[in-house]
Amino acid sequence: MNETTYNIGLSLSGGGAKGIAHLGVIQALEEFGLKPEIIAGVSAGSIIGALYADGKRPKDICRFFKESSFFKFVSISPNKGLMSSKRFYDLLDNYLTSKTFEDLKLPLIINATELIDGKNVYFTSGSLIDKIVASSSVPIFLNPAEIDGKMYVDGGIFCNMPAKIIRPKCQTLIGVHVNPILSDADINSVPDVMERVYHLVIQANTVTEKKVCDIVIEPIKARNFGMFEISKSQQLFDIGYDAAMRKLETIYKT
């Protein structure tokens, strides 16, 4: 049986603030008439994917990030992580119109890591915001998220660009990887070390995911930005847009 349902599928990687580059990519895709019809996202990609599937425009989402500081929606926690995700949850709750996957205008798949059993889990239905928070809960930096009595952290640990999960569902699959790592990174503090280790852990698992995509867009310049540089939203948007335009012009040049 042919499982293909959608014309354009979009897989969005994690990457912290670098995920804002996804918005520039989506803007370019729309301008080329390649509007995504189904999205799979993890961590930052789950946030961008949910906001877009909610019906919000890429430039409006970028403006939302520019007006919000990461440190406005997280707070220090003495428990399992450096920061609590409550303010993050509240911010999404206030901005998202949709409260469940079923409310979204586009189908969305989000993956997270189930912490105790150590496995990748995909969410496609039910409550939405808790799944986004779970997918985005970077270990050490954010508390694990609890859903139905189980603890979840960043889905990027096992799959930082969920492409295989939607490969059978779309004719053309576009993968966006915004988290390339620097070979000459400056590592001057404990947070720098933790971020570097995290990036190294998740880098390898994108290789096979990229291979199933028809088009892979990788905004290389995004690697110069840190995980929490929300203040650089416009620069990251532009980097994603420029990278996508160059790639698409090469593929679809007349």
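In what follows, residues are counted from 1 in the order of the sequence shown. What you see is a predicted model; the values in this text were computed from it and never measured.
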> Of the non-hydrogen atoms in I20 and C62, which two are nearest, and what is the gap between them?
Replying inline: CG2-SG, 4.4 Å
> Can you find a pair of side-chain heavy atoms, one from S11 and one from P162, that are under 4.5 Å apart?
Replying inline: yes
>> Taking side-chain hydrogen bond (donor to acceptor under 3.5 Å, both in side chains) as the definition, give me every residue that meets it alongside D54, ordered by chain and number, with sequence neighbours left out.
In response: K56, S98
> Using 4.0 Å as the upper bound for N to carboxylate O, is an ion pair formed by R167 and D214?
Replying inline: yes
> Looking only at heavy atoms, what is the nearest atom pair of H177 and S13, with distance?
Replying inline: CA-OG, 3.5 Å
>> Checking F158 now: which residues fulfil ring-ring contact (aromatic ring centres under 6.0 Å, His included) with it, not counting sequence neighbours?
In response: none
>> Before you tell me yes or no, could you show the steps for S135 and K131 under side chain to side chain donor-acceptor pair (under 3.5 Å), namely the whole-Å CA-CA distance, both residues' side-chain angles and the distance that decides it to 0.1 Å?
In response: CA-CA 6 Å; S135 181; K131 311 303 193 319; over 6 Å; no
> Is there a side-chain contact between C159 and Y122 (heavy atoms, below 4.5 Å)?
Replying inline: yes
> Are R63 and D60 close enough for a salt bridge, meaning some N to O gap below 4.0 Å?
Replying inline: yes
> Are L173 and I166 close enough that some pair of their side-chain heavy atoms sits under 4.5 Å apart?
Replying inline: yes
> Could you give all pairs that pass the salt bridge (charged side-chain N to carboxylate O under 4.0 Å, His left out) test and reach residues 32-42, with sequence neighbours left out?
Replying inline: E30-K35
> Between L29 and I8, is any pair of side-chain heavy atoms under 4.5 Å apart?
Replying inline: no
>> Can you list everything that forms a side-chain hydrogen bond (donor to acceptor under 3.5 Å, both in side chains) with E146? Sequence neighbours excluded, please.
In response: none
> Less than 4.5 Å apart, any side-chain heavy atom of L23 and any of I48?
Replying inline: yes
>> Once salt bridge (charged side-chain N to carboxylate O under 4.0 Å, His left out) is applied, what residue pairs with a partner in residues 237-247 remain, sequence neighbours excluded?
In response: none
> Which heavy atom of S136 sits nearest a heavy atom of A44, and at what distance?
Replying inline: OG-N, 4.4 Å
> How about Y6 and P107: do any of their side-chain heavy atoms sit closer than 4.5 Å?
Replying inline: yes
> salt bridge (Lys or Arg N to Asp or Glu O under 4.0 Å) with K210: which residues, sequence neighbours excluded?
Replying inline: E218
>> The criterion is side-chain hydrogen bond (donor to acceptor under 3.5 Å, both in side chains); which residues satisfy it with S233, sequence neighbours excluded?
In response: none
>> Once salt bridge (Lys or Arg N to Asp or Glu O under 4.0 Å) is applied, do any residues pair with D103, and if so which ones, sequence neighbours excluded?
In response: none
> Of all residues at least two apart in sequence or in a different chain, which pass the ring-ring contact (aromatic ring centres under 6.0 Å, His included) check with F64?
Replying inline: Y95
> Sequence neighbours excluded, which residues qualify as ring-ring contact (aromatic ring centres under 6.0 Å, His included) partners of Y52?
Replying inline: none
> Going by the side chain to side chain donor-acceptor pair (under 3.5 Å) test, which pairs reach into residues 106-115, not counting sequence neighbours?
Replying inline: N111-N120
> Side chains of V178 and H22: does their closest heavy-atom pair fall under 4.5 Å?
Replying inline: yes
> side-chain hydrogen bond (donor to acceptor under 3.5 Å, both in side chains) with T208: which residues, sequence neighbours excluded?
Replying inline: K164
> Hey, are the side chains of I109 and F101 touching, using non-hydrogen atoms and a 4.5 Å cut-off?
Replying inline: no
